[in-house]
Amino acid sequence: MALTTSEAVQAYAFRELVRHLQMRTDVQNIDQMNLAGYCRNCLSKWLYAGALKTSNGDHPSYNDCLADVYGMSYGQWKTKYQKKATPEQMALYKETKALQAKHSPAVEAAAKAAKKSLKKPETKSTTKIVQQVAASGLSNVCCTPAEEVASKAMTASATKPLGAEVMNDADPVEVKLPPGTTIRAAIIVVSDRVTAGVYKDESGPAIEKSLKEFEAKLGCSFPVTAVKVVPDEKKIISDAIRTLADDVKAPPSLILTTGGTGFSARDVTPEATKEASDRLVPGLATHVTIQSSRKEPFALLSRAVSGIRKKSLVFNLPGRPKAVRENLAIALPVLSHAAIQLESS
C-alpha cells in the first residue's frame with residue numbers, strides 16, 4: 001500500500017517510539033499508564049486494529065503485534081523485565097484512573113484471552129502492514145480486548161491515518177505513473193570473481209526479478225536493455241556507466257550497479273559513479289541506507305551513491321542478492337519518478 005509523505009513521516013515517529021520503548025526495558029507499563037494513560041499494550045492493539053483495517057484478509061495476530069512492539073514475545077518480556085507493582089504504583093494508578101483507558105465490561109475476558117495467547121506460537125510478521133493509530137489524546141484501547149478494538153477500527157471512517165510500517169514490500173512514497181509507462185533499465189554487475197568466472201552472478205538476476213515484481217505494483221514496465229559484468233576497476237566501471245548513458249539511440253533511464261560499495265580496497269563503485277556523473281543525488285542513497293538499516297544495522301556501512309549522467313539515473317546497489325531486493329523495494333518508486341523527470345527534462 002503506497003503512502004503519502006505525511007503518513008510516512010508519521011510512521012517514522014511511530015517506529016521511533018516503539019524502538020525507544022524496546023530500549024527502555026526499565027520503564028514499566030504501569031508507570032506509562034500512570035504518566036501518559038497508555039502503555040505498550042495500547043500500541044500493540046492500535047497496530048492490530050490497523051492490520052485488520054488495511055489488510056486484504058491476510059493479517060498478523062494480536063500476539064504478532066505484541067511481539068513487534070515489545071521486540072520479543074509478550075511472555076518473554078514479562079519474564080525478563082516486568083516487575084511486581086509497588087503499593088505506591090498501584091495507588092497512583094487508582095488516582096489517575098480518569099485519565100486512563102476506560103475499562104470495558106470485557107476486561108476480565110481480555111485478560112484471560114491474553115494469558116491463553118501467551119502459549120500460542122507467533123507466525124505472521126507485522127513488518128508488511130499499515131497501522132491505523134487512534135487520533136485521540138487518551139488511550140482508548142489499553143484495557144479493551146483486541147477483537148473489540150479491531151472491530152471498531154474496521155467500522156470507523158478513516159479520516160486521518162497516522163502512519164505505516166515501511167519495510168520491504170511497501171514503500172512510503174506514493175507514486176502514480178502514467179499508464180503504459182516504460183522505464184528502460186541497464187544493469188552493471190561489479191565483481192572481480194564473477195568477471196573471472198569463479199562463481200555465477202546472482203545479483204544481476206535478483207535485480208531483474210525485482211523489476212518484474214514491481215511492474216504490476218507501479219503500473220509500468222522495466223525492460224532491461226543491457227547487462228554488463230565488469231571487474232572492480234574504477235576506470236572500467238565509470239566507462240561502463242558512460243557507455244550506457246551516452247547511447248544516442250536509446251539510453252537507459254536507470255543504470256543499476258550491484259557490488260563494490262563496501263570497505264574493501266577493491267570496492268570502488270561509488271568513486272566510479274561519482275566520476276561518471278554530471279550531478280549527484282545524495283538524498284536518495286541516504287534514505288535507502290537509513291531505511292535498510294532498520295532491518296540490517298550493518299547497512300549503515302554502505303558507501304552507495306546515486307548520480308545523474310545526461311538522462312540516466314545511476315544508483316548503486318549492494319552485492320548480496322537479498323540486500324539488492326531490500327534496497328530496490330525502498331528505492332524503486334522514487335527511482336521511477338526520477339527517471340520520468342529526467343526523460344521529460
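A quick note: this is a predicted structure, and the numbers were derived from the prediction, not measured. One-based numbering along the sequence shown. Side chains included, hydrogens not; waters and symmetry mates left out as well; all remaining heavy atoms used.
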Asker: What pair of heavy atoms forms the shortest contact from Ala226 to Leu244, and how long is it?
Answerer: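 Minimum heavy-atom separation between Ala226 and Leu244: CB-CD2, 3.8 Å.
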Asker: I need the Ile340 CD1 to Ser253 OG distance, nearest 0.5 Å.
Answerer: 8.5 Å
Asker: Between the main-chain N or O of Val288 and the side-chain N or O of Asn327, is there a donor-acceptor pair closer than 3.5 Å?
Answerer: no
Asker: Determine whether a donor-acceptor pair (N or O, by modelled atom type, separation under 3.5 Å) exists between the side chain of Ser293 and the backbone of Ile290.
Answerer: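 Yes.
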Asker: Does Arg325 reach the main-chain N or O of Ser210 with its side chain, forming a donor-acceptor pair under 3.5 Å?
Answerer: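 Between the backbone of Ser210 and the side chain of Arg325 there is no qualifying donor-acceptor contact (under 3.5 Å).
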Asker: Distance from Met72 atom CE to Lys78 atom NZ, nearest 0.5 Å?
Answerer: 14.0 Å
Asker: Kindly indicate, with the supporting measurements, whether the criterion side chain to side chain contact (heavy atoms under 4.5 Å, CB included) is fulfilled by Val229 and Ser191.
Answerer: CA-CA 7 Å; Val229 179; Ser191 171; 5.8 Å; no
Asker: Between Arg19 and Glu16, does any NZ, NE, NH1 or NH2 come within less than 4.0 Å of an OD or OE carboxylate oxygen?
Answerer: yes
Asker: Under 3.5 Å, is there a donor-acceptor pair between the side chain of Gln28 and the main chain of Ala85?
Answerer: no
Asker: Quick one: do Val194 and Tyr199 satisfy side chain to side chain contact (heavy atoms under 4.5 Å, CB included)? Show the steps, please.
Answerer: CA-CA 5 Å; Val194 172; Tyr199 63 71; 3.2 Å; yes
Asker: If Ile, Leu, Val, Met, Phe, Trp and Tyr residues are connected whenever their side-chain heavy atoms lie under 4.5 Å apart, and connections chain through other members, are Ile207 and Val224 in the same group?
Answerer: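 In one cluster with Ile207: Val224, yes.
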Asker: Side chain of Ser306, backbone of Val314: donor and acceptor closer than 3.5 Å?
Answerer: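 It does hold such a pair.
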Asker: Under a 3.5 Å distance rule, please check whether Thr86 uses its side chain to pair with a backbone N or O of Gln89 as donor and acceptor.
Answerer: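 Flag set: sc Thr86 to bb Gln89 pair under 3.5 Å.
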Asker: Hey, could you give me the NE2/CG distance between His20 and Leu17, rounded to the nearest 0.5 Å?
Answerer: 8.0 Å
Asker: Between CD1 of Ile255 and OG1 of Thr273, what distance do you get to the nearest 0.5 Å?
Answerer: 9.0 Å
Asker: To check you understand the geometry: which heavy-atom pair defines the closest contact between Phe214 and Ala329, and what is its length?
Answerer: CZ-CA, 3.5 Å
Asker: Quick one: closest heavy-atom pair of Glu208 and Val227, and the distance?
Answerer: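 In terms of heavy atoms, the two residues are closest at OE2-CG2, 4.1 Å.
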Asker: Report yes or no: does Gln32 contribute a side-chain atom to a donor-acceptor pair with the main-chain N or O of Gly37 at less than 3.5 Å?
Answerer: no
Asker: Say whether Val189 and Ile236 are linked into one hydrophobic cluster, either directly or through other cluster members, by side-chain heavy-atom distances under 4.5 angstrom.
Answerer: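 Different hydrophobic clusters.
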Asker: Inspect the contact between Arg242 and Glu275 and indicate whether a charged nitrogen and a carboxylate oxygen are less than 4.0 angstrom apart.
Answerer: yes
Asker: Quick check: is Leu284 connected to Leu342 through a chain of hydrophobic side chains (ILVMFWY, heavy atoms under 4.5 Å apart)?
Answerer: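 In one cluster with Leu342: Leu284, yes.
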Asker: Answer yes when Lys322 and Glu326 have at least one side-chain N-carboxylate O distance shorter than 4.0 Å, and no when they do not.
Answerer: yes
Asker: What heavy-atom pair brings Pro251 and Asp247 nearest, and what distance separates the two atoms?
Answerer: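 Reported closest heavy-atom pair: CD-O, 3.1 Å.
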Asker: Taking Phe222's backbone N and O only, do any of them form a donor-acceptor pair with Glu215's side chain (distance below 3.5 Å, no angle check)?
Answerer: yes
Asker: How close do Ala276 and Ile241 get, counting heavy atoms only, and between which atoms?
Answerer: CB-CG2, 3.8 Å
Asker: Checking side chain to side chain contact (heavy atoms under 4.5 Å, CB included) for the pair Arg266/Glu233: CA distance, chi angles, key distance, verdict?
Answerer: CA-CA 7 Å; Arg266 297 285 291 169; Glu233 296 287 349; 3.1 Å; yes
Asker: Treating Ser312 as the side-chain partner and Leu254 as the backbone partner, does any N or O pair qualify as donor plus acceptor under 3.5 Å?
Answerer: no
Asker: Less than 4.0 Å between a side-chain N and a carboxylate O, is that true for Arg303 and Asp267?
Answerer: no
Asker: Is it the case that one hydrophobic cluster holds both Leu328 and Ile188, taking links as side-chain heavy atoms less than 4.5 Å apart, direct or via other members?
Answerer: no
Asker: Side chain to side chain contact (heavy atoms under 4.5 Å, CB included), that's the test. Do Val69 and Tyr74 meet it? Break it down for me.
Answerer: CA-CA 9 Å; Val69 169; Tyr74 183 39; over 6 Å; no
Asker: Could you give the distance from CZ (Arg294) to CG (Leu300), rounded to the nearest 0.5 Å?
Answerer: 9.5 Å
Asker: Quick check: closest heavy atoms across Ile30 and Tyr93, and the distance to 0.1 Å?
Answerer: CG1-CD1, 4.1 Å
Asker: Does the pair Asp278/Lys310 count as a salt bridge with the N-to-O cut at 4.0 Å?
Answerer: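 Not counted as a salt bridge, because no side-chain N and carboxylate O are separated by less than 4.0 Å.
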Asker: Do Leu280 and Ile308 belong together in a cluster built from hydrophobic side chains that touch within less than 4.5 Å?
Answerer: no
Asker: Less than 3.5 Å apart, any donor N or O on the side chain of Asn316 or Thr269 sitting next to an acceptor on the other?
Answerer: no
Asker: Would you give the length of the straight line joining atom CG of Leu256 to atom CG of Leu332, rounded to the nearest 0.5 angstrom?
Answerer: 7.0 Å
Asker: Tell me whether Glu202 contacts the main-chain N or O of Gly319 through its side chain, where contact means a donor paired with an acceptor under 3.5 Å.
Answerer: no
Asker: Other residues, nucleotides and ligands only: do more than 12 of their heavy atoms fall within 6.0 Å of CZ on Phe298?
Answerer: no
